2 protein chains.
Amino acid sequence: MSVDTAHRTLHNRVLAALGPAIAAGEYRPGHVFTLERLERDFGVSRTVAREAVRVLESMRLVVSRPRTGVRVTPAEDWSVYDPQLIRWRLAGPGRGAQLRSLTELRAAVEPPAAAAAARRAAPEHRARLMELNRSMAATGAAGDLDAFLRLDVEFHRLILELSGNEMFRGLAGVVAEVLAGRTEYDLMPQHPRPEALRLHAHVASAVCDGLPDVAQAAMRAIVDEVVTALEHVDPPGGTDPWHLPATALGTTGPG
Amino acid sequence: MSVDTAHRTLHNRVLAALGPAIAAGEYRPGHVFTLERLERDFGVSRTVAREAVRVLESMRLVVSRPRTGVRVTPAEDWSVYDPQLIRWRLAGPGRGAQLRSLTELRAAVEPPAAAAAARRAAPEHRARLMELNRSMAATGAAGDLDAFLRLDVEFHRLILELSGNEMFRGLAGVVAEVLAGRTEYDLMPQHPRPEALRLHAHVASAVCDGLPDVAQAAMRAIVDEVVTALEHVDPPGGTDPWHLPATALGTTGPG
DNA sequence: TCCCCGACAATAGTGATATCAATACGTGCG
DNA sequence: CGCACGTATTGATATCACTATTGTCGGGGA
């Protein structure tokens, strides 16, 4: 999207270099930068360096203290819900772990979100779900995976939005990233599995008809399938499934 | 907590004034500040004003553009998971809505987190749960609500940490705020309800014994009770339950 | 006459630099 | 062992030049 605006300013460019490096763990917790060092390394003024540090500080990646410098914070203190940090981690070596934890988060949130949507969504918005589902079926049958992904993302985003809960809605971007990550790593079959499509249809119609329990159960079936598939190919402590070829994984349906 | 560190720097003080005001909706989306205006209003230098704006920008409360100024963003674009923003909203008129949406989020996440804890927690950490639960029972019986709240918070925090999912763990602070908000507004009885305490015990022992389904069900009972109590006293579009006297609400157990 | 488009100028953020103040860490002395 | 002082580093200010954006104005075409 707004890649240009993201790098429009100098401090954003510093951030785009420093943030991912810290997020990737290239600097141990406790590592200390000095502003002067940042100025030299990035060839920027003190003003710019400090602005970058302020943003990093606001996501708790670093703390800045007089006489000490800018100290890297232990990862457990980071603001793990910061969209920018999520993106940085998804772009780095932590991608697998990040996608796994985000997938579990999805699995937790989307079923209740579907239930809430069935309970609270405005009537005029519910039909859009059915429409989306029809488009998904058509695009899936045609084998247009790109278009299908867009529709799948849109479907899940709409559920989260219709839930009427701003915290649920706030995860729309995360869900989009996870879905994109799945297809990117070939965890998606060439043609979406019919069963998964049917489950999406169930969610849509249950929300339309105002049946929270049905919507929740159908959505839970969707996300649980994704989670168990992930666990199955990735026993705790095992290798990173996102870096294995698709054939070794057994593809799963749309989520 | 670190109130001093939060206000240690000038830009943090500007932030502490501007952030809550924007979060409270005192400035309409589209409202424009100029840096010069901020300098004058807060009596700070341009550097400080800019640093504050950078942080606000990183939580997407504002966008800063040349020739335009610093424009307030529509609320639906805000980074609603930013801990600072959550705190600001909890401190303002949006407190009720914020607590409600956070409670629903809790209800979604904590049961799967309990299941994950039962599946993955390190053996040496599980006993601590039982210990905490015993303390809760003792403190609850003694009627020490403050100490009980601390233990309750600690209990739920531990579950989220033992889940082994960093996104779940990242909600520990949120859960603490919600629990504190509940007691603060007298939604808690003088003595915790025995049934709720028993449910907490069930969660603890199920996690200890590695029974994900039991842990999840018990935790779901805990949080569902809270959510339904909340819905019962606050039909959609109704008045704000957090501002009503406790007697009108019917108190509920620890959560 | 109206509308569209390009150029220009006003405006506010962006970036750089110099300088001083405040602070906290470490050392060494009492 | 504790306190004070030196100093390194951030915190804050002032001021400059640069740049991007937008609104406007004028010209030309429909």
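All heavy atoms count here, side chains included; hydrogens, waters and symmetry mates do not. What you see is a predicted model; the values in this text were computed from it and never measured. Proteins come first, then strands; the chains are lettered A, B, ... in the order of their sequence lines, and each starts at number 1.
Neither OP1 nor OP2 of dA22(C) sits under 4.0 Å from any side-chain N or O of R8(B). Between S45(B) and dT13(D) there is a side-chain polar atom (N or O) within less than 4.0 angstrom of OP1 or OP2. Contact between the side-chain N/O atoms of R37(A) and the OP1/OP2 oxygens of dT9(D) is not found at any separation under 4.0 Å.
Comparing dA16(C), dG11(D), dT14(C) against the side chain of S64(A) picks out dG11(D) as the nearest. Which of dT13(D), dT14(C), dG11(D) sits closest to the side chain of R46(B) comes down to dT14(C).
Rounded to an integer number of Å, the gap from L10(A) CG to dA17(D) P is 20 Å. Computed from coordinates, the R54(A) CZ to dG15(C) C1' distance equals 17 Å when rounded to whole Å. In this structure, the CZ atom of R13(B) is 11 Å from the C1' atom of dA12(D), given to the nearest Å. Computed from coordinates, the H7(A) NE2 to dT14(C) P distance equals 16 Å when rounded to whole Å. The NE2 atom of H11(A) sits 16 Å away from the C1' atom of dT19(D) (whole-angstrom rounding). Rounded to an integer number of Å, the gap from CD of E36(A) to P of dA16(C) is 16 Å. Whole-Å rounding puts the R40(B) CZ to dT13(D) P distance at 16 Å. Nucleotide dG11(D) holds its P atom 12 Å from the CG atom of L38(A), rounded to whole Å.
The aromatic rings of Y27(B) and H31(B) sit tilted, their planes meeting at an angle between 30° and 60°.
Atom CD of E36(A) has 12 or fewer neighbouring heavy atoms from other residues, nucleotides or ligands inside a 6.0 Å radius.
In this structure, T47(B) reaches the bases: a heavy-atom distance under 4.0 Å links it to at least one base atom across the strands shown.
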Contacts under 3.5 Å, N or O only, protein and nucleotides 25-27 of chain C:
| from | atom 1 | to | atom 2 | distance (Å) |
| --- | --- | --- | --- | --- |
| dC25(C) | OP1 | T68(A) | OG1 | 3.1 |

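Checked against Q98(A) for a side chain to side chain contact (heavy atoms under 4.5 Å, CB included), the options V80(A), L85(A), L90(A) give a single hit: L90(A). A side chain to side chain contact (heavy atoms under 4.5 Å, CB included) with L15(A) holds for exactly one of V48(A), T9(A), L56(A); it is L56(A).
One N or O donor and one acceptor, one from the side chain of R50(A) and one from the base of dA12(D), sit under 3.5 Å apart.
The salt bridge (charged side-chain N to carboxylate O under 4.0 Å, His left out) analysis of residues 163-175 of chain B, with sequence neighbours excluded, yields the pairs R89(A)-E166(B).
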Inset, instruction - Given salt bridge (Lys or Arg N to Asp or Glu O under 4.0 Å), test E57(B) with R54(B) step by step and report yes or no. - result: CA-CA 5 Å; E57(B) 205 174 18; R54(B) 287 287 170 259; 3.1 Å; yes

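A pairwise comparison of heavy atoms in A172(A) and R157(A) identifies CB-NH1, 3.6 Å as the closest pair.
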